[in-house]
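Encoded as structure tokens, the structure appears first; notes follow it.
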There are 2 protein chains.
Amino acid sequence: MLIQLDLENAEPIYIQLQQQIIEGIAKKQLNPGESLPSVRSMAADIGINLHTVNKAYQHLKQDGYILIHRQKGVVINPDGVPKADGAYKEKLKANLRPFIADSVCRDLSEEEFIKYCSSIFAEFYNEEGDS
Amino acid sequence: MLIQLDLENAEPIYIQLQQQIIEGIAKKQLNPGESLPSVRSMAADIGINLHTVNKAYQHLKQDGYILIHRQKGVVINPDGVPKADGAYKEKLKANLRPFIADSVCRDLSEEEFIKYCSSIFAEFYNEEGDS
DNA sequence: CATCTGTTATACTATAAATATAACAAGCAT
DNA sequence: ATGCTTGTTATATTTATAGTATAACAGATG
């Protein structure tokens, strides 16, 4: 799987890595049970430090995306990702609010906003299994 | 206008303040031409440092939300907020992508996601002018 | 036994966030 | 003219996070 990082971006590297892996799972380029590179080889591949990779992995583990076996390595959660619960949905809404407030101020209509959301959903539903 | 800050939140204070003001504008509790408290009185009101308020104001100015006159003080942009342009829309889509990828993984449907967006839009359209 | 795994520990640098003072310059009211 | 308020600028300090650099440990596996 191809990992794209933007070192100039203000977003921390380990967050970007986290998001790239989540996108990979969403697009089904990464499937349940599949292995991820070890912290060391992933770090070497993308040219960052081992600890930065580990930080991303620990967060993904915390969120139920992956399992980490002490010696076997890292695998995408075979049981799939935990489904969105109430707390998750509340946090999601809280996260979306600033973007929507901003859009309202800038006269970007609800229709257009939702059109963008739909187009992003389509990205994930259509690119299933592609490289 | 009531400003609500959560000092425990990881979100920087100046960002929270910025968002609160933007929400105020979206809800039309704050209208074009209206004055905002000086950096000093705002800082005293909400119990933070003058520079933290100034940082929020500078960002709002940069984004076209407010005008700052050297001695007259701070006012909501009388001409209204600049409308969303192409660059803004691209950035918005890039910002939404991680949330949507996450939702897809967690089996949260496009319909439900959009329902949340609509409910937030409704918050702003319905509470116009309320305290 | 050597090698690979995640893990832990320590140290260092760089940056951002927030605060604390202090001072400056321009307008305005009395 | 004298204060007062305005945003602005400058300096300094503290705290926390991000990222890197090494090193070592513990448990499997070949």
Side-chain angles (χ1 to χ4, degrees), chain A residues 1 3-22 30 33-78 95 98, chain B residues 1 3-22 30 33-78 95 98:
Chain A
M1 182 200 173
I3 300 291
Q4 299 178 341
L5 298 184
D6 177 9
L7 301 183
E8 311 303 318
N9 194 336
E11 204 71 40
I13 299 175
Y14 77 96
I15 298 280
Q16 291 185 47
L17 176 55
Q18 223 178 307
Q19 290 174 347
Q20 292 278 310
I21 292 171
I22 292 175
L30 294 174
E34 194 167 331
S35 282
L36 253 55
S38 72
V39 289
R40 286 178 177 83
S41 68
M42 172 68 91
D45 281 356
I46 58 185
I48 64 174
N49 189 273
L50 155 167
H51 292 104
T52 307
V53 174
N54 189 247
K55 200 171 186 177
Y57 279 4
Q58 288 300 328
H59 283 185
L60 288 168
K61 171 189 173 190
Q62 187 67 31
D63 293 342
Y65 278 104
I66 63 177
L67 299 184
I68 303 181
H69 296 86
R70 178 134 195 145
Q71 275 75 28
K72 299 176 187 172
V74 181
V75 296
I76 307 296
N77 192 335
N95 285 330
Chain B
M1 184 201 171
I3 301 291
Q4 299 179 340
L5 298 183
D6 176 9
L7 301 183
E8 311 305 317
N9 194 334
E11 203 72 40
I13 300 176
Y14 78 96
I15 298 279
Q16 291 185 46
L17 176 54
Q18 224 178 305
Q19 290 174 347
Q20 292 279 310
I21 292 171
I22 292 174
L30 294 174
E34 194 168 330
S35 281
L36 253 55
S38 73
V39 288
R40 286 179 178 83
S41 68
M42 173 68 91
D45 282 356
I46 58 185
I48 63 174
N49 190 273
L50 155 168
H51 292 103
T52 308
V53 175
N54 189 247
K55 199 171 184 177
Y57 280 3
Q58 288 300 329
H59 283 184
L60 288 168
K61 172 189 172 189
Q62 188 66 32
D63 293 341
Y65 278 103
I66 62 177
L67 299 184
I68 303 180
H69 297 84
R70 179 137 196 142
Q71 275 75 27
K72 299 176 188 173
V74 181
V75 296
I76 307 295
N77 192 337
N95 286 330

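Letters go in sequence order (proteins before strands), and every chain restarts at 1.
A donor-acceptor contact shorter than 3.5 Å links the side chain of Q20(B) to the backbone of Q4(B). For Q16(A) (side chain) and E11(A) (main-chain N/O), a donor-acceptor pair under 3.5 Å exists by modelled atom type. Formation of a donor-acceptor pair under 3.5 Å by the N77(A) side chain with backbone atoms of L67(A) is not found in this model. Checking side-chain atoms of Q18(A) against main-chain N and O of Y57(A) turns up no donor-acceptor pair under 3.5 Å.
The shortest distance between side-chain heavy atoms of V39(B) and V74(B) does not fall below 4.5 Å. Using a 4.5 Å cut-off on side-chain heavy atoms (C-beta onward), T52(A) and L17(A) make no contact.
Across the protein-nucleic acid pair, N9(A) atom CG and dT15(C) atom P stand 16 Å apart, rounded to whole Å. What separates CD1 of I46(B) from P of dA18(C) is a distance of 11 Å, to the nearest Å. Rounded to an integer number of Å, the gap from CG of L67(A) to C1' of dT5(C) is 15 Å. Regarding H59(A), its NE2 atom lies at a distance of 15 Å from the C1' atom of dT7(C), rounded to whole Å. Taking atom CE on M42(B) and atom C1' on dT19(C), their separation rounds to 18 Å, with Å as the unit. For L5(A) and dG19(D), the CG to C1' distance is 13 Å, given to the nearest whole Å. Atom CG of N49(A) is separated from atom P of dT22(D) by 10 Å (rounded to the nearest Å). The distance between atom OH of Y14(B) and atom P of dT19(C), rounded to the nearest whole Å, is 13 Å.
K55(B) has no side-chain polar atom (N or O) that falls below the 4.0 Å cut-off from OP1 or OP2 of dA18(C). Contact check, T52(A) against dT20(D): a side-chain N or O comes under 4.0 Å of OP1 or OP2.
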Quick tally for nucleotides 5-11 of chain D: nucleotides whose base has a protein heavy atom under 4.0 Å get B, sugar-phosphate-only ones S, the rest -, giving -BBBBB-
